Amino acid sequence: MNILLLTHEGQLTGSTYSISFLAQGLAARGHRVYVGCPAGSILYRMLRNSNVRCIAMRFRFKMDWANIKHLGAVVHQHGIELINAQSSLDRYSSVFARWLFHLDVKVIHTRRQMALSMGGFLKNLIYYQGTDKIVAVSEAVKHSLVQLGIPAAHIKVIYNGTPAEKYTKIDEALVAQLKMKLEIRAGDIVIGCCARLKHQTQLIRALQYVKTKVKVVFIGIEDQDEFWRIMAQSNMPHEICLMGSDIPNQIALNYIKLFTIKVLPSTTEGLSQSLLEAMALGVPVIATGYAGNLDLIRDGYNGLLFEHGNVAELAQKIDLLIQEPALRKRLSDEGKKTALEDFSIQKTIDQYEEFFMEMISNSVLT
């Protein structure tokens with residue numbers, strides 16, 4: 001197959017790593033895989049020396065005619081059979097390029113987050129009539145699309161996956177250095193949260209109900225004045241560490257090794273790479289009982305869920321894990337199996353490969 005993956009983002013997000021895993025996995029199976037993304041993006045740099053060919057593209061706005069024209073030329077030059085657009089601006093480019101240049105190519109859109117709005121008639125036309133299929137990364141994302149008017153038959157669910165080999169590269173010396181840097185001592189309870197700014201204030205508010213003193217480490221966000229106001233108002237003894245938003249994924253994995261518990265207070269996750277990473281590394285997880293978290297976590301079996309906005313319940317779940325090491329161990333063991341077996345990257349690549357081949361084959365037959 002000749003496949004072109006598109007994203008206008010490609011920065012320090014879970015989707016960047018998901019796209020990288022998929023592109024390299026398909027290329028390793030002998031398919032010709034191209035990725036169109038900004039030349040300065042992290043994704044472009046990650047794939048530059050791989051078996052995937054990167055094509056520098058500028059997605060400046062929805063109707064970027066220069067980019068749409070460039071996309072049409074790339075399809076012709078490389079004999080592209082299928083375009084898989086991953087984010088908003090490139091979704092527009094993929095559809096308009098096919099319409100304007102009458103491209104004989106399949107167009108698949110992947111939705112990685114919950115769909116909150118289809119933006120009216122025009123957007124619905126583009127996302128439904130402009131595509132051959134839409135891939136949702138969880139049943140929750142599929143449901144959100146159906147709620148907004150996309151027929152269920154037009155949606156294919158393929159879960160995000162994670163590669164087992166990624167977790168063999170933990171730098172134990174770096175882990176020890178980070179432990180010293182954060183002054184983590186034996187017996188300390190460390191709660192970690194790796195995510196862009198979402199609903200992390202819920203975790204801060206929950207701390208007022210947590211009985212045991214804890215250290216909370218945030219990765220993926222910059223300093224937040226609101227955090228300190230909540231801490232001061234509640235006179236809490238807990239310690240907060242904000243490590244910033246520019247930590248590369250492989251370094252972030254070493255931070256996760258420090259965590260006693262991982263908490264993700266989010267309602268937008270399609271299927272969280274951050275949760276998969278913590279689970280794969282044997283860290284018990286607590287997440288909002290919402291969106292793709294429900295596809296990944298079975299409450300009380302491989303993790304814990306709390307109701308969005310219920311900070312007292314979140315605190316109760318944190319206390320439960322602090323007080324019951326045996327429960328932490330059981331959730332850790334089951335979470336690891338879930339991440340590395342049920343949500344392996346090989347399963348994801350298998351399903352994308354089969355799906356793409358089916359779509360291209362149907363095009364040839366018709």
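Computed from a predicted model, the values in this text were never measured in an experiment.
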request  = Inspect the contact between E269 and R112 and indicate whether a charged nitrogen and a carboxylate oxygen are less than 4.0 angstrom apart.
outcome  = no

Any side-chain heavy-atom pair of H78 and I55 under 4.5 Å = yes

message = What I want to find out is whether D350 reaches R29 closely enough, with some N-O distance under 4.0 Å, to be called a salt bridge.
response = yes

request  = If the plane angle is over 60° it's perpendicular, under 30° parallel, otherwise tilted; pick one for W65 and F96.
outcome  = perpendicular

ask   = Got a salt bridge between D225 and R229, using NZ or NE/NH1/NH2 to carboxylate O under 4.0 Å?
value = no

inquiry  = Do H109 and S94 pair up side chain to side chain, a donor and an acceptor below 3.5 Å, judged on atom types alone?
reply    = yes

key: Listed partners of H154 passing ring-ring contact (aromatic ring centres under 6.0 Å, His included), at least two apart   = Y128

inquiry  = Please check this pair: side chain of N293 against backbone of A287, looking for a donor-acceptor N/O pair closer than 3.5 Å.
reply    = no

key: Within-4.5 Å side-chain heavy-atom neighbours: L296 and F343   = yes

request  = For the residue pair M1 and E353, establish whether any side-chain heavy-atom pair is separated by less than 4.5 Å.
outcome  = yes

Side-chain ion pair, R98 and D132, N-O less than 4.0 Å = yes

message = Less than 4.5 Å apart, side chain to side chain, heavy atoms only: is that true for Y159 and K347?
response = no

ask   = Is T16 close to M46 at the side-chain level, that is, under 4.5 Å between some pair of heavy atoms?
value = yes

ask   = Can we say R196 and E222 salt-bridge, meaning some charged N sits less than 4.0 Å from an Asp/Glu carboxylate O?
value = no

query = Quick check: does any side chain N or O of S50 sit under 3.5 Å from a backbone N or O of L47, one acting as donor and the other as acceptor?
reply = yes

ask   = Do N2 and L82 come close enough that some side-chain heavy atom pair is under 4.5 Å?
value = no

ask   = Does the separation of the ring centres of F227 and F218 fall below 6.0 angstrom?
value = yes

inquiry  = Surrounding NZ of K133 (heavy atoms of other residues, nucleotides or ligands, distance under 6.0 Å), is the total greater than 12?
reply    = yes

query = Hey, does N67 have a side-chain heavy atom less than 4.5 Å from the side chain of R60?
reply = no

Listed partners of E313 passing salt bridge (Lys or Arg N to Asp or Glu O under 4.0 Å), at least two apart = K317

query = Do Q147 and M114 have side-chain heavy atoms sitting under 4.5 Å apart?
reply = no

